[in-house]
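Lettering of chains follows the sequences in order, A, B, ..., and the numbering in each one begins at 1. In what follows, every heavy atom counts, from backbone to side chain, and hydrogens, waters and symmetry copies are set aside.
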Number of protein chains: 2
Amino acid sequence: MPTNKPEAQREAQPEAQPEAKRGAQPAAAPRAKPAARKKPQVTPSPERRRELLDTAAEVFAAQGYNATTVRKIADAAGMLAGSLYYHFDSKESMLDEILSAFLTELWDGYDAVLAADLGPRETIEALVTESFREIDRHRAAVAIYQKESRTLSAQPRFHYLSDSQVKFEKAWLGTLERGVAAQVFRADLDIRLTYRFVRDTVWVAASWYRPGGQHSPDEIARQYLSMVLDGIALRPT
Amino acid sequence: MPTNKPEAQREAQPEAQPEAKRGAQPAAAPRAKPAARKKPQVTPSPERRRELLDTAAEVFAAQGYNATTVRKIADAAGMLAGSLYYHFDSKESMLDEILSAFLTELWDGYDAVLAADLGPRETIEALVTESFREIDRHRAAVAIYQKESRTLSAQPRFHYLSDSQVKFEKAWLGTLERGVAAQVFRADLDIRLTYRFVRDTVWVAASWYRPGGQHSPDEIARQYLSMVLDGIALRPT
DNA sequence: CCACTTCCCTAACAAGTGTTTGGTAGGTTA
DNA sequence: TAACCTACCAAACACTTGTTAGGGAAGTGG
């Protein structure tokens, strides 16, 4: 089982990297780190953290991670920028926690589907339905993931995004291949193109989906599946 | 050590500024503008501008607009940050020029298709094919558009993005509706869902498409159309 | 009453940001 | 030769950024 969950990264960085060449880091890292991570003696309540993470996720999703300043997050939460650092130790940690919490839940659902050992078509149907349910529950996190995952996965801290993506591809592509072999899916299509097609059609929905709309996640999944499986063209009967 | 540092700027902030209320402006606009627009007497060559815009678009697409500093663009172009301002009057202008140039070309193609007055199915096919060609030629601009258009269109300067999007929706949705009326497309689907489905499947391709891959834009368009129109499920014959 | 904890604020720091100003090397024209 | 133009560099400026110290109000337990 590949790892999909970074759990918590409270271990100290082994060593300050020797600063490869160009010191141009994407963000700011002002104070010199004294090699030993600070260990705050305080214990913020997990419920408050969840609350703050939710509003942070909302702002990240709306404005983009880089365009979001900690002052904006604090504003949305009704407090001042510095106060956030009582609960989190950096802006990046917030992002990290938002994304890893989402991925953990996502894989709980996916793993259950995959363990059910359904046929190829039924597996695809279940995966798509599960995906739309996740979008319904974590739309902010999904939107952030969509926008930032490519650039983030270069950073070591967010390497679990790549891991997840690999596992993701394995599950979907494998199912599609099984379906082609079982003559359930068409064999005349480039399978990787098909994979990207299905994957993208599902997840971009997070960019326009708003919970409480006229369609439930399951209804959207049903229609999407109908389009993907049978096409939008009317067939002569 | 980074490229070139201003080294010393021992300018302590004099005093706590009046600081209206929440001075948090979205971006930087340092100098006070004296109400009269500056008119540079210089005339940079258009070819050089195009060159620089191309590299800027590449960096924007790779890192995201906000995460891209003008110093990074200058780096990629082999010059210093300030030198860019000989050719452009702001970072935002570069973005603007990149996006509007792309949209202009896109609509040249779309308008030609729409003027041809084809049937609904043929119109969709032509629009999709045209779209993949545009992705092939402007993949950086398309990627930027995908990532930033939603947030940008709030700014007055980029209002033309919204205009374009409205026109876009009108063309595609109208064609789909014509198709349903003509019994070419299925009538049992939510038409707006179908629209978003088709639109998204096409344009997200810009996030993974790389020119010079194993499939030509036309070939990708052909397979995408086959999936969208007929579905990926194998039909019993 | 005091000690302790939780949660926030005030105020700053240092690095990074987009942008401007003044200069200048090299080419072209007269 | 001088005048002129293009395209860049060097250095700074003003403001924003993530982050940190120190402090204090409110609540809880003894």
Main-chain N/O of A:S207 paired with B:R150 side-chain donor or acceptor, under 3.5 Å: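 Yes, because the side chain of B:R150 sits within donor-acceptor range (under 3.5 Å) of the backbone of A:S207.
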
A:E148 (side chain) donor-acceptor with A:Y65 (main chain) under 3.5 angstrom: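 The answer is yes, because a donor-acceptor pair under 3.5 Å joins these two groups.
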
Any N/O donor-acceptor pair, B:R71 side-chain to C:dG16 base, under 3.5 Å: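 Side chain to base: no pair present.
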
Spacing of [X] atom [atom1] relative to [N] atom [atom2], expressed in whole Å:
| X | N | atom1 | atom2 | value |
| --- | --- | --- | --- | --- |
| B:E92 | C:dT19 | CD | C1' | 13 Å |
| A:M79 | C:dA11 | CE | P | 17 Å |
| B:L84 | D:dA11 | CG | P | 18 Å |
| B:F88 | C:dT20 | CZ | P | 15 Å |
| B:N66 | C:dT17 | CG | C1' | 12 Å |
| A:K72 | D:dT17 | NZ | P | 7 Å |
| B:I73 | C:dT17 | CD1 | P | 12 Å |
| B:Y65 | C:dT17 | OH | P | 13 Å |

Interface residues of residues 45-58 of chain B with DNA chain D (non-hydrogen, below 4.0 angstrom):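 Output list: B:S45, B:R48.
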
Between B:E169 and B:Q165: side-chain donor-acceptor atoms closer than 3.5 Å: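 No pair is found: no donor N or O on one side chain lies under 3.5 Å from an acceptor on the other.
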
OP1, OP2 of [N] versus side-chain N and O of [X]: anything below 4.0 Å?
| X | N | answer |
| --- | --- | --- |
| B:H87 | D:dT6 | no |
| B:S83 | D:dC9 | yes |
| B:Y86 | D:dC8 | no |
| A:Y85 | D:dT19 | yes |

Sugar-phosphate only, base, or nothing, as touched by A:T68 at under 4.0 Å among non-hydrogen atoms: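 Sugar-phosphate only.
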
A:S131 side chain reached by A:R199 side chain, heavy atoms, under 4.5 Å: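 No, every pair of side-chain atoms sits at 4.5 Å or beyond.
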
Student check: side-chain heavy atoms of B:L152 and B:L99 closer than 4.5 Å: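 They are in side-chain contact.
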
Whether over 12 other heavy atoms sit under 6.0 Å from B:R49 CZ: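 Counting neighbours around CZ of B:R49, more than 12 heavy atoms of other residues, nucleotides or ligands fall under 6.0 Å, so yes.
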
Closest to the B:L80 side chain, choosing from C:dT19, D:dG18, D:dC9: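 Nearest listed nucleotide: D:dC9.
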
Close aromatic pair by centroid cut-off 6.0 Å: A:Y110 and A:F168: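 Centroid separation for A:Y110 and A:F168: below 6.0 Å.
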
